[in-house]
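For reference, the structure is listed below as structure tokens.
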Amino acid sequence: MLKIGKSLFNTAQILASELKAIGLFPTTGIARTGVAAELGRKGDPAVMLLADMDALPSQIVPGGNAHACGHHAQMSVALAVFRALAETKAAEALGLRVIFAASPAEEYVDLGRRLDLRRNKEIVYLSGKQEMIRLGFFNDPQIVLKYHSMGDSPERVATVNGSMNGFLAKRAEFIGRAAHAGAQPEKGVNALSAASLALQAIHAQRESFVENDHIRVHPILTQGGTVVNSVPDRAVLETYIRGAYHEAVLAAASKVDRALRAGALALGAGLSIANTPGYQAFYPDPGLGAILGEAATAVVDKRYIDFDYRSYASDDIGDVACLQPTCQLRFSGFSGEIHSADFAAKEPERAYMKPAEILLRTVMALGADKGATARGILTSFSPRFTVSGYLESLDQLFSTLEFHGEAL
Ligand SMILES: [Zn+2]
Ligand SMILES: [Zn+2]
């Protein structure tokens, strides 16, 4: 089982000491390791520079974690913009309240451990931003800006106003019976065989998915036996069910449940499915997207900016965007594949400097006319949920389905 990385506490400590160095008193320990600080006057329209903190567990990197999603670049860029605003006292001059927030646990992984933390009441929700919403960080009206790195492509340097899939996540535990794998396998119930049949049954659903729903189902086996000479009595599968709309995700999720049950039924194994909410599909605020787009155009030739990018990945920024006007800038300058251990900043000018300049220009544009532009974005935004309604919707998506194994 993975332990929370020492590196994550180190990251929080570095961010806190950088903020203290510019004379601020950061809040730390948000959702365990998050860090926040703010500039400007209470009552002025607020802009949050939000950054993810976490790396991805990797089995091929020494230390076991790799910044394979570029979150290190996000933190650097958000902090650089925030520091520039602090050191020049620009927030007050612009008539803006500016918040820096680093949120942990964007990568929705290692569900068993997170569900244990939830059971032990150390957390309530499984992602950093969901916990920040619960803790009240998104109660007050505020504009949210975020940067995310992306892989290189010759025709696209940056994306603004991009949307993303939402998802639900499942952790399925197949319960079998151990027996000697050579001497008496007939006395066992093979949980791995049940899980592998379930995988095949999930794959067979794909032709039933509707193209425009953008469904992605990508299960992995996180446990498939303990010792080679015993019939595996436990196998664990984790999967996301992603899609462009919640209803489409729910429909695909019920097919996945059917497939999981089919595997268990065939072997007579037991099955326990833990359903967790995953993330909302991300739809950015178009007014804010126009301002971000203008700032990007001042820095990059607009032929190389995608203003309407559709990603099939997901991010808990989608949850934030249900409550507050939100946009995400994506920028290139990296080599390797995103979510692969070889992903690295190749050109610092592109990976760090240009996105920082674009976000800084965006904040300055929001402060035009003493914050009037920011105020306009905030007043024309209609949230999809109230904060309490959003939290209730998360609560409803936690459930456990249990099936008794006939052969047990
Ligand atoms: Zn990622
Ligand atoms: Zn990411």
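Start at 1 and go down the list; that is how both ligands and their atoms are numbered.
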Q.
For Glu107, is there any backbone N or O sitting under 3.5 Å from a side-chain donor or acceptor partner on Asp54?
A. yes
Q. Taking only residues at least two apart or on different chains, which pairs with a member in residues 309-332 satisfy salt bridge (Lys or Arg N to Asp or Glu O under 4.0 Å)?
A. Lys129-Asp315, Lys129-Asp316, Lys146-Asp315
Q) Do we get Arg118 above Phe398's six-membered ring, with its NZ or CZ under 6.0 Å from the centre and within 45° of the axis? A) yes
Q: Mind checking ring pair (Phe, Tyr, Trp, His ring centres under 6.0 Å) for His218 and listing every partner two or more places apart, or none if nothing turns up?
A: Tyr240
Q: Give me the protein N, O or S atoms that fall under 2.8 Å of the Zn ion (ligand 2), sorted by chain and residue number.
A: Cys69 SG, His71 NE2, His148 NE2
Q: Report the residues that fulfil ring pair (Phe, Tyr, Trp, His ring centres under 6.0 Å) with Tyr108, sequence neighbours left out, ordered by chain and then residue number.
A: Phe167, Tyr279
Q) With distance as the sole test, does Gln142 use its side chain to make a donor-acceptor pair with the main-chain N or O of Phe137 at under 3.5 Å? A) yes
